[in-house]
Amino acid sequence: MAKVIIIGAGGVGSVVAHKCAKHPEVFTEIVIASRTRSKCDALAAAIDAPNISTDSVDADSVAQLEELFRRHKPDMVINVALPYQDLTIMEACLSCGVNYLDTANYEPKDVAHFEYSWQWAYRERFEKAGLTAILGCGFDPGVSGVFTAYAAKHWFSEMEYLDIVDCNAGNHGKAFATNFNPEINIREITQNGRYYEDGKWVTTKPLEIHRTLTYPNIGGRDSYLLYHEELESLVLNYPTIKRARFWMTFGQEYLTHLRVIQDIGMARIDEVDYNGTKIVPLQFLKAVLPNPQDLGKNYTGETSIGCRISGKGKDGEPMTYYIYNNCSHHEAYLETGMQAVSYTTGVPAMVGAMMFLTGKWNKPGVHNVEEFDPDPFLAALAENGLPWHEIVNQDLELD
């Protein structure tokens with residue numbers, strides 16, 4: 001029996017709260033906290049469970065976080081706030097003796113750059129405090145790492161080539177909208193691409209490398225090489241990997257809008273002066289774009305996310321392996337009021353917290369998800385709305 005605080009009441013936070021409420025045997029008490037308490041109150045009212053309460057906190061403030069944690073005394077914090085706030089929340093967890101889980105790694109506000117070094121620097125402090133921090137427990141990062149760990153445990157003696165593939169084949173009916181926080185989404189996509197090959201990182205121009213990939217139940221979609229943070233930990237934890245890449249699908253209309261946004265300066269993350277007021281263009285753009293939380297009602301189609309791996313099987317022979325999940329936007333909305341991108345991030349966060357609180361993923365220190373046993377996690381993932389599938393020794397299309 002345990003008490004958790006969910007920090008963040010956006011689309012992902014909504015899914016986490018809905019899913020935690022379905023397991024009162026694990027999540028005895030649930031506190032939803034964000035900067036705007038009215039959002040937390042509305043979410044708690046929508047779920048209508050007796051073990052949910054709400055609070056407010058500025059997650060940029062370690063002092064406010066410490067006050068929140070000391071007042072509620074949670075066993076774990078599920079951080080689904082902004083990536084900028086990972087370090088303040090981790091500091092407060094250390095100060096108050098609280099375990100930690102997030103879905104995306106830290107990045108500074110003033111630089112569109114993300115890597116795990118800032119959070120890995122906390123390893124010794126969490127270990128000495130006897131606290132566990134689980135990093136990147138969404139879908140990608142998150143399930144993608146657990147899928148890789150499962151493949152290593154059950155199928156491969158040596159994994160050599162890893163491609164994480166992420167397709168959103170849904171249609172929300174908007175001219176342009178992002179499926180999660182627009183500011184974070186656009187910062188991620190407009191960065192240089194990067195992939196790992198033969199012991200070094202190779203940098204590409206944004207969206208420079210692309211090809212058509214076929215996704216189960218969806219078909220062919222234009223897929224673009226991006227840098228994604230789980231590649232950083234996976235190549236360290238599985239040193240037999242010779243090449244690791246991440247691919248995501250984008251439609252041409254989306255890319256046209258994105259190019260215009262960049263060309264007119266609306267993707268800038270530095271301050272500009274507007275009539276004597278300092279504003280960040282990308283943050284202003286976020287305010288006028290559709291809210292990802294409001295996309296679910298009319299969203300059709302599905303997502304397909306998985307890992308395509310090749311190497312030597314347990315018998316030493318060459319093999320290929322594809323493990324993936326497809327998730328319906330409409331079914332996700334019917335259950336939680338949110339579309340599948342929020343759903344596929346929120347469900348794994350709940351499952352990761354469940355793994356820790358039930359003693360299956362309990363290891364003091366700061367850890368990425370692939371460092372834990374994948375079996376109980378994937379069993380619970382399938383039971384909680386995200387079933388997964390395997391394809392063995394079929395053409396994976398990637399050379």
Taking the side chain from His329 and the backbone from Thr300, do they hold a donor-acceptor pair closer than 3.5 Å? no
Is there a side-chain contact between Asn325 and Ile305, using heavy atoms and a 4.5 Å cut-off? no
Give the C-alpha distance, both sets of side-chain angles, the deciding distance and a yes or no for salt bridge (charged side-chain N to carboxylate O under 4.0 Å, His left out) between Glu91 and Arg125. CA-CA 10 Å; Glu91 284 286 353; Arg125 293 173 64 193; 3.1 Å; yes
Going by heavy atoms in the side chains, are Lys360 and Asp373 under 4.5 Å from each other? no
Residue pair Val143 / Thr344, side-chain heavy-atom distance below 4.5 Å: no
Can you find a pair of side-chain heavy atoms, one from Tyr116 and one from Pro141, that are under 4.5 Å apart? yes
Side chain of Asn79, backbone of Leu101: donor and acceptor closer than 3.5 Å? no
CG (Asn168) and CZ (Phe250) are apart, to the nearest 0.5 Å, by 10.0 Å
As an exercise, state the distance from OH of Tyr324 to NE2 of His389, rounded to the nearest 0.5 Å. 5.5 Å
Is any side-chain heavy atom of Met350 closer than 4.5 Å to a side-chain heavy atom of Asn384? yes
Verify, without hydrogens or angle tests, whether Thr88 (side chain) and Val62 (backbone) share a donor-acceptor contact under 3.5 angstrom. no
Looking at every non-hydrogen atom in both residues, tell me the closest pair between Glu371 and Lys363 and how far apart they are. O-NZ, 2.8 Å
Do the side chain of Asp55 and the main chain of Val31 share a donor and acceptor less than 3.5 angstrom apart? no
Main-chain N/O of Ile32 paired with Ser34 side-chain donor or acceptor, under 3.5 Å: no
Short side-chain to backbone donor-acceptor contact, Asn393 and Thr320, under 3.5 Å: yes
Taking the side chain as every heavy atom from C-beta outward, state whether Ile323 and Trp388 have any atom pair closer than 4.5 Å. yes
With rounding to the nearest 0.5 angstrom, report the CG to CD distance, Leu231 to Glu115. 13.5 Å
Determine, for Arg123 against Glu127, whether the closest basic-nitrogen to carboxylate-oxygen distance falls under 4.0 angstrom. no
Do Leu135 and Trp120 come close enough that some side-chain heavy atom pair is under 4.5 Å? yes
Are more than 12 heavy atoms from other residues, nucleotides or ligands located less than 6.0 Å from atom NZ of Lys314? yes
Between Ser223 and Tyr215, what is the shortest heavy-atom contact and its length? OG-OH, 2.8 Å
Main-chain N/O of Val16 paired with Lys19 side-chain donor or acceptor, under 3.5 Å: no
Do Val15 and Val80 touch side chain to side chain, with heavy atoms closer than 4.5 Å? no
